[in-house]
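Naming convention: chains lettered A, B, ... in sequence-line order (proteins, then strands); numbering from 1 in each chain.
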Amino acid sequence: MQPLVEAADLTKRFGDFTAVDAIGFSVASGEVFGFLGPNGAGKSSTMRMIGAVSPVTSGRLRVFGLDPATDGRRIRSRLGVVPQDDSLDMELSVEENLYIYGRYYDLPRREIRARIEELIDFAQLGEHRASRVDPLSGGMKRRLTIARGLINRPDLLLLDEPTTGLDPQARHVLWDRLYRLKQDGVTQIITTHYMDEAEQLCDRLVIMDRGRIVAEGSPRGLIETHSTREVLEVRFPVGELEPAGPTLQKTADRVELLADRALLYTSDADSALGEIHRLGLRPESALVRRSTLEDVFLKLTGRTLVD
Amino acid sequence: MQVPGALRVVEANAIAYRRVWKGSAFSSFVTPALFLVAMGLGLGSLVDRGAGAPGFEDLSYVAFLAPGLLAASAMQSGAAEGSFQVIAGMKWTRNYHSVVASPVGTGGLVGGHFIWTGLRVLMVSVIFGAVAAALGAISPVAALALAPIGILIGLATVAPMTAFTANRENTEALTAVFRFGITPMYLFSGAFFPITQLPDWLQSVATVTPLWHAVELARRVALGYDSTLPAWQHVGYLVLVFVVGAALTYRLFSRRLNV
Ligand SMILES: Nc1ncnc2c1ncn2[C@@H]1O[C@H](COP(=O)(O)OP(=O)(O)OP(=O)(O)O)[C@@H](O)[C@H]1O
Ligand SMILES: [Mg+2]
């Protein structure tokens, strides 16, 4: 089957600055595809090109097999867009926001009315349907923006940082909604700088840094390829971490020294910890955990995702 | 510019307007009534005792004032639609960004913005005309004939104003435009007194303002006076200002929204 989105050497420049640097990827129907990367990686720039609002500087991009440069309107009519900022009409009610957006997609009034019922239900905004948007919580606004993006039953939903700025509970509610969409077969492209979000939601993702794609795969596949099974995190009293560095190097396959702690990559964290103690080091605390995408990012770029 | 998309934007504006229409219609009604009574009838009773400006000796002041003031009010509405509304869509609610992400696109957004403004100034002009006719300042037929001139001057104001606002990041420059552009135009473009009363250099400035052309047209239509230029030239000037402003708006909107 033809991919919904296909990009090759896709590039976006702002003046002399290259925000997206010759990236390639493709998204298949039914898939949840992610762009994981830190601030400024070029995620939004990529999404805006896919959304046919931002012209491609060079390279090839096809959405639904169409070229955004010539078929922008047709592409946009089949997309659902959840931008990084909500951009809702604050003075209008929840229902009015949905209604107006439905009209932008040229839907008949009667169909919009029916769709609003489903979407208010989906977004769990029943109690607030007639209230103005302005006083709603961040999580509710975000759910409304997602509902708005679904008004035209899109073939592809673009979600730019769907949960940034939300508290943990609101995030979980949102993840649950997105998971339901996935089960309904809605293809999604999600950008995020949260590795847990990427792991939870994405079937497949690319890790982006400074405009480039540095790795691609499933969350599990990326971790297996680029990291060890276990990670031992050790903390030392102030000033003792750096001198301990060379010794720590002997106890694991790979060691990352961060500002406040050391990460030891190893297949057997318990025996690494025993080894540390045997070599005479006394960490303040030690924690064994599984590798995450954060570790993959650190290995590939030498930096942490969220700073 | 696709017409269907533009009409969706008009519809969205109308839905938003429902929330404020009472206050807005009320002030469209009260403002001209206050001005016509205070200036036209009150001040006019003094003015009418004087000799009258050359060419208008036989006319009561309120009859002189009403057509020009209608044009000036339409200009003010056009300026309002092209300033704070626009910066809100770009920056405050960012609602323009979501229109552009939909099939409506930038062309539909710009087209809808101007059609909507045309409807708003039509409403302002009709209410103004009705009040002026009720006060006996102009005939009911003249009141109707003035509505298209209201639309013309409203559009010739909103288009350059929107283009100016397109790249603004805050309201400072907008406040300055109102203080040093719109308000002086309101006062000195011939609505309150003929510009022949002004010093020569100010007269030349006044003749390039869109409002002066609209005032000339309004007085011609409502009172049957000869305008300074043939009517088609006044109309042509206003259409030209609108078209140039609209083209510029489209360019600047694309540059900001489709980066
Ligand atoms: N309109 C613009 N003009 C100039 N530079 C821009 C513009 N938009 C984005 N950039 C720059 O391009 C780079 C990538 O920006 P982009 O918004 O795509 O990153 P992002 O991955 O979405 O980051 P974030 O997590 O902050 O949203 C950044 O360095 C940004 O400053
Ligand atoms: Mg972004």
Inset, instruction - Output the option from B:Val259, B:Leu257, B:Asn95 having the highest count of non-hydrogen pairs under 4.5 Å with chain A. - result: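 Heavy-atom pair counts peak at B:Val259.
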
Proximity breakdown for [X] and chain B, heavy-atom pairs closer than 4.5 Å:
| X | answer |
| --- | --- |
| A:Arg13 | neither |
| A:Leu92 | both |
| A:Arg148 | side chain |
| A:Ser93 | both |
| A:Arg74 | neither |
| A:Asp106 | both |

Between [X] and [Y] (salt bridge meaning N to carboxylate O under 4.0 Å), is one present in this structure?
| X | Y | value |
| --- | --- | --- |
| A:Asp85 | B:Arg94 | yes |
| A:Glu95 | A:Arg129 | yes |
| A:Glu96 | B:Arg19 | yes |

Inset, instruction - Using distance alone, with no hydrogens and no angle criterion, decide if A:Tyr105 and A:Ser77 have a side-chain donor and acceptor under 3.5 Å apart. - result: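 Absent: no donor and acceptor within the cut-off.
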
Inset, instruction - Go through A:Met49, A:Arg78, A:Arg48, A:Met90 and name the one with the most non-hydrogen pairs under 4.5 angstrom from chain B. - result: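 Among A:Met49, A:Arg78, A:Arg48, A:Met90, the one with the most close pairs to chain B is A:Arg48.
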
Legend entry - Contact winner vs chain B - A:Pro55, A:Pro83, A:Gly80, heavy-atom pairs under 4.5 Å: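 Of the candidates given, the most pairs with chain B belong to A:Pro55.
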
Inset, instruction - Compute the centroid of each ring, for B:Phe188 and then for B:Tyr186, and state whether the two points are separated by less than 6.0 Å. - result: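 Ring centres of B:Tyr186 and B:Phe188 not closer than 6.0 Å.
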
Inset, instruction - For A:Arg212, look at atom CZ and say whether over 12 heavy atoms of other residues, nucleotides or ligands are found less than 6.0 Å away. - result: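 Count not over threshold, so no.
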
Inset, instruction - Could you go through the ring-ring contact (aromatic ring centres under 6.0 Å, His included) check for A:Phe35 and A:Phe33 one step at a time? - result: CA-CA 7 Å; A:Phe35 286 95; A:Phe33 184 85; 5.5 Å; yes

